[in-house]
2 protein chains.
Amino acid sequence: MILKGCNRFQMIGLEAVAKLAQVSSATASRALSRPDKVALETRTRVLQAAEELGYQPNHLASGLRKGKSRTIGVIISDILNPGQAMLAKGIQDAAAKSDYTVFLFNSDEESDKERRALESLRGHMPQGLIVVPTPGAKTNLKLVPNLPTIELDRASGLKNAHTVMVDNIGGTTTAINHLIGLGHKRIAMIVGDFAISTAVERHQGYREALEHAGIPYREDLVLAGHHREDGGRTAAHKLLSKPLKQRPTALFVGNNEMTIGAVLATRALGLSIPEDISIVGFDDSRWAMTLHPALSVVSQPAYDLGYLACETLLGLLERHKPPNASSVRLATNFISRESTAPPRKT
Amino acid sequence: MILKGCNRFQMIGLEAVAKLAQVSSATASRALSRPDKVALETRTRVLQAAEELGYQPNHLASGLRKGKSRTIGVIISDILNPGQAMLAKGIQDAAAKSDYTVFLFNSDEESDKERRALESLRGHMPQGLIVVPTPGAKTNLKLVPNLPTIELDRASGLKNAHTVMVDNIGGTTTAINHLIGLGHKRIAMIVGDFAISTAVERHQGYREALEHAGIPYREDLVLAGHHREDGGRTAAHKLLSKPLKQRPTALFVGNNEMTIGAVLATRALGLSIPEDISIVGFDDSRWAMTLHPALSVVSQPAYDLGYLACETLLGLLERHKPPNASSVRLATNFISRESTAPPRKT
DNA sequence: GTGAAAGCGCTAACAA
DNA sequence: TTGTTAGCGCTTTCAC
């Protein structure tokens, strides 16, 4: 035990500050965290001492004492997905503004990883949680009862949950209406996993828009792509291999990854966008913009979504009694680029 | 103080486990964290009690006591950059494997944000740090002396630093040699900020490759793009607006963001890739693949880089005396796609 | 192999 | 307004 403190890189404690300022450590603590409870003169002395010594509070100690830690847990589904990364950034920025620190995890859409993340998190005593729930979240979240939680981007289905999401139905109907407006009748959709609320809602939006326009819903034009590029490719391939008369003239794809697959499948089949097939994706990204032709998309305010989720959570933490379940919906924005055009005359 | 424990969502402590197992809390602690110091029979009893109560250790308490917390800090430059996101993912996965938890921060390449991140981090007593250093890191890192640190992707310039980077020089010379091999003579480069080591190294690789081939280095063919899309666009515009005889026939761009700008500038000028200009970027990404024509790039093993950095750090933490500064370089991989071709005959 | 007791750094009663 | 004191939950001496 020669180098006892070698692992502690922060050794100037409140005690030291208190001594230098010639007060008790209790006063020093108060001076730093509840200024109004201390004489101005004492306060300045303490602050100066703290400054001089380069004092940094030990959050582990104060967290232990207070049962709070100025940290929040964040579980997103996949940091590599630009939309999710944007969510994370919005959260980070909002958290930093209020001096909260973020524990970040990826679930990779796996319920199991989500559970493990929650287990890790638990011991660190975060004060709140923001989660993009996997299908298993309804069960997993029981691991952290009483932990104020915001569900982001989609809903786990848990009652009394606070959610921050986009208007998936509205976003989708806008996109579909755009296609209908261009004259499309055979509009296909590649949907995600119905265990995820966004997939359900986008599908619903698609259906509603068609019905509203008096276009019958056809099951054979709706294929599942399971949220992955591969799934999107396979589904698109199947849809676009139909005989010309049955082949859809427009394709709406329910998420980012699947859209890439769909575009690649289209290219592979030698079809051109938008002449042979109009395509609209959900969620904007760099590649959607730089793609040739540039992709029309329903874009989500991902940064704002993350930022708002975090602000909502921190709001919850301030008030002692969390209000009842809240549900926020942000509007999407349809961006018309080059991947949509009227169907080819037959 | 009616709902005393309402903020503590984890209330089953070691004490409770100990009582159920009919041992002292000291023994319970030992049973869980140093099994060999406890009789097998006692151990199983404790484990069972812990299981039964759903005991979860409080990392705040153990961290406080031990001066360690099973957390590491990670500061990347920008989570929205796919390469950086990939680094983060590699780190996360490696950390999770060893049951470490990650505090993630973005510096956005701003020295100031980096400093603030370090300040936040400090109080949480992370056991180590992985940082993609900003130009101010040399100063900022003094905030956390004694904190085992790995510099990732680039070097701060600090002596005795542990670094995990790619072979920027080798990667660049391969790319330039490829262009030279195609017959290019006027090869331009858009460089990054020389305050960042990768920019310096890539520039050096460019220079060396040219010299090695006997092509004179021309300052007017090297422009700074400051790492941003905008900078890339401006620089490319300037380079490609030269009279045909002086205009470069190939362009090597020093990073991701700038490459987008360069490609967009090229399109805006009505030049076609690769007929009018061959372009090679540094760092692969989804948009580079889906771009039309698909972009030839020097790709980096970003996931491995992150994973390795984290493993290196955790290795450092296990051994008590960290070894001397280490420096790891991973190889890059040149991916030839459609954006490079022989120069047009004049 | 086990228990009693001290204490990590901080904050919240309670007194003064 | 300030100091004294008693822990937060855990680990680690030091005895036994």
Side-chain angles (χ1 to χ4, degrees), chain A residues 1 4-46 49-50 53-70 122-125 127, chain B residues 1-2 4-47 49-50 53-70 122-125 127:
Chain A
M1 197 43 80
K4 194 195 172 198
C6 72
N7 264 326
R8 320 204 157 167
F9 62 93
Q10 189 230 287
M11 305 177 223
I12 3 86
L14 211 41
E15 202 87 22
V17 175
K19 199 189 292 177
L20 180 60
Q22 312 194 60
V23 292
S24 73
S25 61
T27 304
S29 171
R30 278 188 291 250
L32 292 162
S33 40
R34 36 233 345 247
D36 48 314
K37 294 280 182 191
V38 133
L40 180 63
E41 195 243 338
T42 323
R43 179 167 141 68
T44 48
R45 221 166 58 237
V46 172
L53 293 160
Y55 170 75
Q56 284 299 124
N58 182 331
H59 291 133
L60 260 47
S62 74
L64 176 59
R65 178 64 235 246
K66 295 195 290 192
K68 318 184 160 190
S69 57
R70 275 200 114 59
R122 213 158 41 157
H124 292 288
M125 303 245 148
Q127 284 180 253
Chain B
M1 197 43 82
I2 299 168
K4 198 198 170 195
C6 72
N7 264 326
R8 319 202 158 166
F9 62 93
Q10 190 230 285
M11 305 176 222
I12 4 85
L14 211 41
E15 203 86 23
V17 175
K19 199 189 290 178
L20 181 59
Q22 313 194 59
V23 292
S24 71
S25 61
T27 304
S29 170
R30 279 187 289 249
L32 292 162
S33 41
R34 28 217 10 225
D36 49 313
K37 294 281 185 191
V38 135
L40 179 62
E41 196 243 338
T42 323
R43 180 169 142 65
T44 47
R45 221 166 58 237
V46 172
L47 255 44
L53 293 162
Y55 169 76
Q56 283 298 126
N58 182 331
H59 290 132
L60 260 47
S62 73
L64 177 59
R65 178 64 234 249
K66 296 195 290 193
K68 318 184 160 188
S69 57
R70 275 199 114 61
R122 210 157 44 157
H124 292 288
M125 304 246 148
Q127 282 180 255

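The analysis underlying the following values was restricted to heavy atoms, covering all of them including side chains, and did not include hydrogens, waters or symmetry mates. Source: prediction; values computed, not measured. Naming: A, B, ... by sequence-line order, numbering from 1 per chain.
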Undergrad: Do Ile12(B) and Val17(B) have side-chain heavy atoms sitting under 4.5 Å apart?
TA: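 Sidechains of Val17(B) and Ile12(B): no contact.
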Undergrad: In whole angstrom, give the distance that lies between atom CG of Leu60(B) and atom P of dT11(D).
TA: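 Taking atom P of dT11(D) as the reference, CG of Leu60(B) is at 13 Å.
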Undergrad: Starting the side chain at C-beta, find the nucleotide from dT2(C), dT2(D), dG3(D) nearest to Val23(A).
TA: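 Looking only at heavy atoms from C-beta outward on Val23(A), the closest nucleotide is dG3(D).
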Undergrad: Between dT11(D) atom C1' and Lys37(B) atom NZ, what is the distance in whole Å?
TA: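 Nearest whole value for this atom pair: 13 Å.
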Undergrad: What is the distance, to the nearest angstrom, from the NZ atom on Lys68(B) to the C1' atom on dC10(D)?
TA: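 Rounding to the nearest Å, NZ of Lys68(B) and C1' of dC10(D) are 15 Å apart.
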Undergrad: Considering non-hydrogen atoms only, spot the tightest contact between Leu47(B) and Ala31(B) and give its length.
TA: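 Closest heavy-atom pair between Leu47(B) and Ala31(B): CD1-O, 4.1 Å.
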Undergrad: Can you tell me the distance, in whole Å, between the CG atom of Leu14(A) and the P atom of dG3(D)?
TA: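 That distance rounds to 12 Å.
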Undergrad: Rounded to the nearest Å, what distance is computed from the CG atom of residue Leu32(A) to the P atom of nucleotide dC10(C)?
TA: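 It is 9 Å, rounded to the nearest whole Å.
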Undergrad: Let me see the working for Arg45(B) and Glu41(B) under salt bridge (charged side-chain N to carboxylate O under 4.0 Å, His left out), right down to the final yes or no.
TA: CA-CA 6 Å; Arg45(B) 221 166 58 237; Glu41(B) 196 243 338; 3.4 Å; yes
Undergrad: Does dC10(C) have OP1 or OP2 under 4.0 Å away from a side-chain N or O of Ser29(A)?
TA: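 For dC10(C), OP1/OP2 do not have a side-chain N/O of Ser29(A) under 4.0 Å.
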Undergrad: Separation of Ile12(A) atom CD1 from dC10(C) atom C1', in whole Å?
TA: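 My rounded result for the distance is 14 Å.
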Undergrad: Between Asp36(B) and Arg34(A), which residue's closest nucleotide on DNA chain C lies nearer the 5′ terminus?
TA: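 Counting from the 5' end, the first nearest nucleotide belongs to Asp36(B).
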Undergrad: Using the closest heavy atom to pick a nucleotide of DNA chain C for each, name whichever of Ala28(B) or Ala61(B) lands nearer the 5' end.
TA: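 The 5'-side residue here is Ala28(B).
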Undergrad: Closer than 4.0 Å, any side-chain N/O of Thr42(B) to the OP1 or OP2 of dG1(C)?
TA: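 It does not, given that no N or O in the side chain of Thr42(B) lies less than 4.0 Å from OP1 or OP2 of dG1(C).
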Undergrad: Within this structure, what is the NZ-to-P distance between Lys66(A) and dA6(D), rounded to whole angstrom?
TA: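 One finds 22 Å between P of dA6(D) and NZ of Lys66(A), rounded.
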Undergrad: Which nucleotide sits closest to the side chain of Ala39(A): dT2(C), dT1(D), dT11(D)?
TA: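 Nearest nucleotide to the side chain: dT1(D).
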Undergrad: If I take atom CE in residue Met125(A) and atom P in nucleotide dG9(C), what distance separates them, rounded to the nearest angstrom?
TA: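 Answer to the nearest Å: 20 Å.
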Undergrad: Which atom pairs link the protein and nucleotides 4-7 of chain C when you take only N or O atoms and keep those under 3.5 Å?
TA:
unit_1: dG7(C); atom_1: N2; unit_2: Arg65(B); atom_2: NH1; d: 3.3

Undergrad: Mind checking the OG-CZ spacing from Ser29(B) to Arg65(B)? Nearest 0.5 Å is all I need.
TA: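 Ser29(B) atom OG to Arg65(B) atom CZ measures 9.5 Å (nearest 0.5 Å).
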Undergrad: Is a side-chain donor or acceptor of Ser69(A) paired with a backbone partner of Gly63(A) at a separation under 3.5 angstrom?
TA: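 No; zero donor-acceptor contacts below 3.5 Å.
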Undergrad: Arg34(A) and side-chain contact (heavy atoms from CB on, under 4.5 Å): which single residue from Asp36(A), Leu32(A), Val38(A) fits?
TA: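 Result for side-chain contact (heavy atoms from CB on, under 4.5 Å) with Arg34(A): Asp36(A).
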Undergrad: Side chain of Leu64(B): nearest nucleotide among dG9(D), dT11(C), dT2(D)?
TA: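 Side chain of Leu64(B) sits closest to dG9(D).
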Undergrad: Closest heavy-atom contact between His124(B) and Leu60(A)?
TA: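 Closest approach of His124(B) to Leu60(A), heavy atoms only: O-CD1, 3.6 Å.
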